Amino acid sequence: MKIKSYNFRFNLIISYLLIVLVSFGTISFFLDRNLEENLLKDIKSSLVNQAYLIENQILPENLRKENTAYLDSLVKILGPKIQCRITLVNHQGDVLADSQETREEVLEMENHANRSEIRSALFGKTGEEIRYSSTLKINMLYIALPVKGAGDEIIGAVRLSLPLASIQKMLLSVRKTVFLSFLLALGLAFVLSLVLTNRIARPINRIIHASRKFSQGDFSHKIFSDSKDEIGELADTLNAMAQNLEDKIKEVEIKNQHLVAILECMVEGIIVVDKTSRIISVNPTVGKIFNVTKQEAQGKLFLEVIRNTDIRDIISSVLENGQFISRELSLLWPVQRIFSIDASAIFEDNTVNGCLLVIHDITEIRRLETMRRDFVANVSHELKTPLTSIKGFVETLLEGALDDKENNRVFLKIIQDHTERLDNLVNDLLSLSHLESRTIVLQKSDFKLRQQVEEIILGFKSQIQKNSIEIRDDLPAGLSVRGDKNRLGQVLTNLIDNAIKFNKEKGSIRIYVQEISGMIKITVEDSGAGIPEKDIPRIFERFYRVDKARSRELGGTGLGLSIVKHIVELHGGEVGVESAEGLGSKFFFTLPA
Ligand code: ADP
């Protein structure tokens, strides 16, 4: 870039010098020509005047051949004075005297009648010619005037000649002066152009330097300019442009940051591909779903990163038709989930240039829908069973069994049991819906856990005795917990109830507590039948029972553990179970210590 600036200065300097050269050259050329012409004109007229003076000195009788002594002495005196060669000829062209020849030499000189200047003079005109003198071997200027007699007849001619060398010498000296002043002008022009171009190049260099900074994205750089000319205006405009660009870029950056923040926070997965199905960008949710990083995905073909041909087909279709597609897909890999996929085309100049995919994980929504459906089905079923029985026995009684003294009480007892079941079921359902409503407020207080457990065990006394179950309460006497005493009582009741119900005869139950990283863990361990491994993950679901018939027979509703889970979670704790079939179960829950 620096070289370019030097080139610019070099060109400017050359231009300046060329202007000086051309203008000076033209002036010199015309000056020189004019000078030469004028000089020659002046010399000629001065020679003519001198010739007139000489002609006046000559009397007609002097122009005779035998009288040349006078003429000879005249030309020899005047010649050196006027610094010219003077030649006198008679009307026949014979040379009578010459200021630069002796009289003897004059006699030997050839006739001059043929010399053009002499011929003109002998015709009464002023003759002039520039000719190479074979006598003197140089270019000479000849001026000849007629010499007239008394009756105005031409009796001879006087010729003055001057070597042109002297004119050339004068011209040379003038040219030398012109040339020297030309060199001086050139030198001055060079120095001046250096100063001037420097003045021009400096702000231009500043502009070049700033433009380079701008192109590198540094818009904070400002071009300093104190001039009010076009370059100053250019600098101001560039500064304004840079400021404008900086503002615009900042604006775009902020918008971009907002967009990135939105994309990063979105629960939906976002994938943008170009028209060749190459991934341009993905958000972190996509990374989580498909187990890829943004860096791994960017620039690769969709199928290379996400090996799902269903989504690939959706992309291909959008890229081909430009039409919005919304579809629900079940993915088995990398995780088994249900996604709702919305794909729309990205247009540029009315042609499809890419595709935007919005992937929404609807597994949870679908799961909740299924749960709701199952719940309604379960509730209906649970209600229907006792209701059918009640209805059946009421009909039997009405149809005459009421008078059957032996069985009517048995039938009424069955109706009572089913009504109780219905009551239990409705109570459990109400508890559950109350616990799930989120409007529930816990009545928290500190209470002694052991005392609470002992009271509950007392409530199950008859069942414990009936099944000969040994129950061991290993809770420390002074252990106090904070929580809703009634609801935690319900938790313990349900767990102890199950431990009794699903225990074997002469089985055992142990209740103990452990403290684990800031939480207390309360466990109800029994020696019952245990829970098959496949059922364990679902055991806390509503209406989930390992053995439905047995549970019903024991008066269970299938909602007990579900209620336990809700209450414990409301207290900030967790529930869990460890169980092995045939070896018993350990149901536990934690509470903040
Ligand atoms: P319910 O006891 O009314 O049937 P729960 O929600 O309390 O309902 O329990 C759900 C199911 O979990 C029970 O039907 C039973 O199959 C199983 N279960 C619960 N506690 C135990 C336990 N201590 N031992 C074996 N199975 C149990």
Side-chain angles (χ1 to χ4, degrees), residues 371 374-375 377-379 381-386 417-436 453 456-457 459-460 463-464 466-474 487-512 521-570 574-589:
M371 257 175 77
D374 289 353
F375 180 70
N378 278 327
V379 169
H381 184 73
E382 294 297 329
L383 290 172
K384 199 168 167 45
T385 319
D417 285 351
H418 283 297
T419 317
E420 214 163 282
R421 244 187 90 190
L422 272 179
D423 190 42
N424 283 346
L425 192 66
V426 172
N427 280 341
D428 278 356
L429 280 172
L430 283 174
S431 298
L432 206 57
S433 97
H434 187 49
L435 287 169
E436 282 180 347
V453 170
I456 294 165
I457 293 172
F460 287 108
Q463 278 149 278
I464 293 168
K466 197 173 130 202
N467 295 315
S468 316
I469 288 166
E470 185 206 340
I471 191 153
R472 226 171 86 198
D473 176 2
D474 283 345
R487 295 197 186 281
L488 287 178
Q490 197 177 353
V491 168
L492 286 161
T493 306
N494 287 2
L495 292 181
I496 293 168
D497 183 26
N498 283 346
I500 298 169
K501 274 193 308 190
F502 300 105
N503 218 324
K504 60 183 181 194
E505 214 157 309
K506 293 186 181 160
S508 66
I509 297 170
R510 191 181 155 224
I511 305 160
Y512 55 93
K521 181 178 172 185
I522 300 140
T523 309
V524 179
E525 187 183 329
D526 66 65
S527 57
I531 302 158
E533 207 182 324
K534 66 170 175 46
D535 297 308
I536 288 179
R538 302 191 60 191
I539 207 78
F540 288 94
E541 281 178 24
R542 289 174 296 191
F543 295 116
Y544 193 83
R545 284 171 286 198
V546 178
D547 181 347
K548 272 199 172 117
R550 186 164 143 72
S551 163
R552 279 204 201 102
E553 195 187 307
L554 293 167
T557 59
L559 296 171
L561 286 180
S562 202
I563 292 169
V564 166
K565 187 172 187 259
H566 271 89
I567 294 173
V568 171
E569 282 176 359
L570 279 172
E574 280 175 14
V575 289
V577 61
E578 287 165 23
S579 182
E581 239 182 317
L583 292 175
S585 319
K586 284 183 198 171
F587 277 87
F588 59 84
F589 65 95

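Numbering of ligands and ligand atoms starts at 1, following listing order. Computed from a predicted structure; not experimentally measured.
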How many angstroms lie between atom [atom1] of [X] and atom [atom2] of [Y], to the nearest 0.5 angstrom?
X: Glu470; Y: Ile464; atom1: CD; atom2: CD1; value: 11.0 Å
X: Lys521; Y: Lys586; atom1: NZ; atom2: NZ; value: 7.5 Å
X: Phe502; Y: Ser579; atom1: CZ; atom2: OG; value: 11.5 Å
X: Lys565; Y: Asn494; atom1: NZ; atom2: CG; value: 15.0 Å
X: Asn498; Y: Ile509; atom1: CG; atom2: CD1; value: 10.0 Å
X: Ser551; Y: Tyr544; atom1: OG; atom2: OH; value: 12.5 Å

* **Nearest heavy-atom neighbours spanning Phe588 and Val577** =>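 The answer is CE2-N, 3.7 Å.
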
Would one find an N or O of [X], backbone or side chain, under 3.5 Å from an N or O of ligand 1?
X: Ser562; answer: no
X: Gly560; answer: yes
X: Gly558; answer: yes

Proximity flag [X] to ligand 1, non-hydrogen atoms under 4.0 Å:
X: Asn494; value: no
X: Ser585; value: yes
X: Ala529; value: no

* Glu574 atom CD: more than 12 heavy-atom contacts under 6.0 Å ->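 Open.
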
Closest approach of any protein heavy atom to [atom], naming residue and atom:
atom: atom 14 (O) of ligand 1; answer: Arg545 CG, 3.0 Å
atom: atom 4 (O) of ligand 1; answer: Ser551 OG, 2.5 Å
atom: atom 26 (N) of ligand 1; answer: Ile531 CG1, 3.5 Å
atom: atom 5 (P) of ligand 1; answer: Leu561 N, 3.6 Å
atom: atom 10 (C) of ligand 1; answer: Tyr544 O, 3.2 Å

* Atom indices of ligand 1 within 4.0 angstrom of Thr557 heavy atoms, with elements ->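 Ligand 1 atoms under the 4.0 Å threshold to Thr557: 3 (O).
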
* Within a distance under 4.0 Å of any heavy atom of Ile539, pick out the atoms of ligand 1 and give their elements. =>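 In order of number, 12 (O), 17 (C).
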
* Worked verdict on Ile511 versus Ile496 for side-chain contact (heavy atoms from CB on, under 4.5 Å) -> CA-CA 9 Å; Ile511 305 160; Ile496 293 168; 3.9 Å; yes

* Where's the contact between Lys501 and ligand 1, heavy-atom distance under 4.0 Å: side chain, backbone, both or neither? ->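 It is the side chain that gets close, since no backbone atom is under 4.0 Å.
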
* Between Asp526 and ligand 1, which part of the residue brings a heavy atom under 4.0 Å of the ligand: side chain, backbone, both or neither? ->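 Within the 4.0 Å criterion, Asp526 contacts ligand 1 through side-chain atoms alone.
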
* Asked: If you measure from atom 20 (N) of ligand 1 to every heavy atom of Asn498, Val546, Asn424, which option wins on shortest distance?
  ->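 Closest candidate by heavy-atom distance is Asn498.
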
* Heavy-atom proximity to atom 15 (C) of ligand 1, best of Phe502, Phe543, Phe587 ->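 It is Phe502 that holds the nearest heavy atom.
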
* Asked: Do Arg421 and Glu382 meet the salt-bridge criterion of a basic N to acidic O distance under 4.0 Å?
  ->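 Yes, Glu382 and Arg421 are salt-bridged.
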
* Apply side-chain contact (heavy atoms from CB on, under 4.5 Å) to the pair Glu436 and Arg542, showing each step before the final yes or no. => CA-CA 12 Å; Glu436 282 180 347; Arg542 289 174 296 191; 3.2 Å; yes

